[in-house]
Participant: 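Take this structure, written in structure tokens, and hold onto it; I'll ask about it next.
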There are 2 protein chains.
Amino acid sequence: MAKVATAHETRAFETDGIPARERLLACAASIFAKRGYAGASMAEIAAEADISKSTVFHHFGSKRALYLAVIETAAQDFAATLETVLEKTGPLDERLVDFQCQHMGHILSNELVTDLVLRELQKSQSTESVHLVRDVLSANFMRLVDFISEAQSQKLLNEALDPSVAALTLISANVFFFQHRKVLKHLPNFDYADRPQPYAKAVIDVIFHGLDRDRSE
Amino acid sequence: MAKVATAHETRAFETDGIPARERLLACAASIFAKRGYAGASMAEIAAEADISKSTVFHHFGSKRALYLAVIETAAQDFAATLETVLEKTGPLDERLVDFQCQHMGHILSNELVTDLVLRELQKSQSTESVHLVRDVLSANFMRLVDFISEAQSQKLLNEALDPSVAALTLISANVFFFQHRKVLKHLPNFDYADRPQPYAKAVIDVIFHGLDRDRSE
DNA sequence: CTGGTTACTGACCGATCGGTCGGTCAGTCC
DNA sequence: GGACTGACCGACCGATCGGTCAGTAACCAG
């Protein structure tokens with residue numbers, strides 16, 4: 001039905017106003033995120049983008065190349081969305097809550113990209129694509145560590161604790177919640193499955209105040 | 001070279017003394033864990049188990065059935081290895097450290113099984129295989145929550161904090177370390193990439209004592 | 001008008017996929 | 001010995017995989 005006389009007429013429509021190449025990248029990202037690299041087929045990606053399989057190979061020479069392009073833009077998106085998270089002022093505990101909540105919000109509102117990035121990070125082999133993602137991640141990680149250790153040297157945070165461990169613990173909590181959010185809904189005694197922001201705040205409560213009984217205020 | 005005259009002679013050897021079906025399950029688990037469901041091929045699994053592809057289909061009717069069998073045994077193994085982690089006595093902070101270190105130890109010494117279980121949990125669709133794994137997980141999760149909230153009611157832990165959030169934060173830290181242990185090695189300023197047990201202990205330091213400055217003892 | 005470039009296509013390729021089939025061989029029970 | 005069973009195999013199947021290629025329609029430069 002959308003099929004028109006000539007090839008170019010179809011493109012003239014620029015389905016949904018989006019040029020084919022962009023549409024292709026977006027569809028590929030979605031399908032790679034859903035099915036993984038091996039599970040995604042070029043035919044399905046082409047169909048989703050309403051484009052012929054040959055055209056996919058015209059724009060990106062191979063499946064691998066398409067995947068790399070997808071990962072690259074995903075890593076950039078991921079970096080961009082996280083860019084703003086740490087740029088805040090205010091009381092320290094509020095800033096920690098802010099960071100955790102915003103971080104949670106960002107990965108949730110970019111779940112496709114986050115899925116791709118995490119999937120890539122979990123690979124054991126050190127391929128080109130892993131390097132792309134790793135650099136983005138380590139940059140963001142270092143900024144969080146810097147933030148914490150600076151707060152420590154200003155005597156605002158417990159100096160006895162390793163800042164990198166604290167940073168990783170914060171990130172772990174959010175990432176774990178994100179990765180298993182579907183399963184968490186079926187956990188008994190867990191009230192936060194549908195409330196990511198309160199969960200992020202509760203995590204800060206735990207990590208900031210500590211489990212030790214003396215801190216119950 | 002291991003090829004012998006008749007089919008049965010080959011089996012009489014029971015390569016490495018392990019019956020074919022078990023060997024098959026083990027090889028399938030390894031390959032599914034490495035390559036994912038779509039990425040694993042029946043031919044490769046058969047070759048790894050030193051068995052013909054037809055024989056794989058003789059024992060398990062389909063790729064999906066083989067995968068389900070693998071997931072089922074993996075979930076059982078996972079449950080079994082975690083069974084002992086919480087059965088300890090002693091001072092509370094020691095028990096927390098104990099739990100975290102043993103939990104870390106168990107997932108690391110069963111990385112194949114853990115990879116499989118985590119991979120399965122991350123799927124968004126709720127398939128039969130997800131249910132298998134989910135039940136195991138929620139049982140173990142509930143026991144950790146019970147432990148924490150019991151300690152709280154005995155005034156041994158900060159009662160103001162949600163026990164399920166605390167439990168998830170502990171688990172998240174270990175799982176995240178496990179999933180990204182390869183990448184963590186390349187993080188600057190992170191000394192724990194090759195030292196999982198000290199990391200687990202450091203996480204307890206953070207979560208037990210809290211980031212708040214007043215707790216620096 | 002012409003020649004080159006770019007976007008795009010359907011027809012096609014060899015390889016590999018999951019899965020089937022017919023049959024061999026050894027052990028078991030009667 | 002004969003009927004039956006279950007483990008096992010090679011050969012083969014249709015479908016799908018990633019990828020190629022010749023060609024066409026539109027655009028732009030001269």
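No experiment lies behind these values; they were computed from the predicted model shown. Below, read A as the first sequence line, B as the second, and so on, with proteins coming before strands; counting in each chain starts at 1.
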Participant: Measure from NZ or CZ of B/Arg64 to the centre of the six-membered ring of B/Tyr67 and say whether it is under 6.0 Å with the direction within 45° of the ring axis.
Facilitator: no
Participant: Using a heavy-atom cut-off of under 4.0 Å over every strand shown, decide if A/Ala40 touches base, sugar-phosphate, or nothing.
Facilitator: sugar-phosphate
Participant: Tell me the interatomic distance from A/Met42, atom CE, to D/dT20, atom P, rounded to whole angstroms.
Facilitator: 10 Å
Participant: Atom CG of B/Asp50 and atom C1' of D/dC8: how far apart are they, to the nearest Å?
Facilitator: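 Atom CG in B/Asp50 sits about 12 Å away from atom C1' in D/dC8.
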Participant: Take B/Thr169 and B/Ser172 through the test side-chain hydrogen bond (donor to acceptor under 3.5 Å, both in side chains) and record every step on the way to the result.
Facilitator: CA-CA 5 Å; B/Thr169 307; B/Ser172 302; 5.8 Å; no
Participant: Does NZ or CZ of B/Lys63 fall inside the cone over B/Tyr37's six-membered ring, less than 6.0 Å from its centre and within 45° of the axis?
Facilitator: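 Flagged: B/Lys63 positioned over aromatic ring of B/Tyr37.
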Participant: Whether A/Arg35 and A/Glu44 form a salt bridge (side-chain N of Lys/Arg under 4.0 Å from carboxylate O of Asp/Glu) is what I want to check.
Facilitator: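 Looking at A/Glu44 and A/Arg35, the cut-off is met.
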Participant: Between residues 51-69 of chain B and DNA chain C, which residues have a heavy-atom gap below 4.0 Å?
Facilitator: B/Lys53, B/Ser54, B/Phe57, B/Ser62, B/Lys63
Participant: B/Glu44 CD to C/dG19 C1': how many Å, rounded?
Facilitator: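 Roughly 18 Å, once rounded to whole Å.
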Participant: Does a side-chain N-to-carboxylate-O contact under 4.0 Å join A/Arg23 and A/Glu48?
Facilitator: no
Participant: Is the distance between the ring centroids of B/Phe176 and A/Phe176 under 6.0 Å?
Facilitator: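 Not close enough - the centres of the two rings lie 6.0 Å or further apart.
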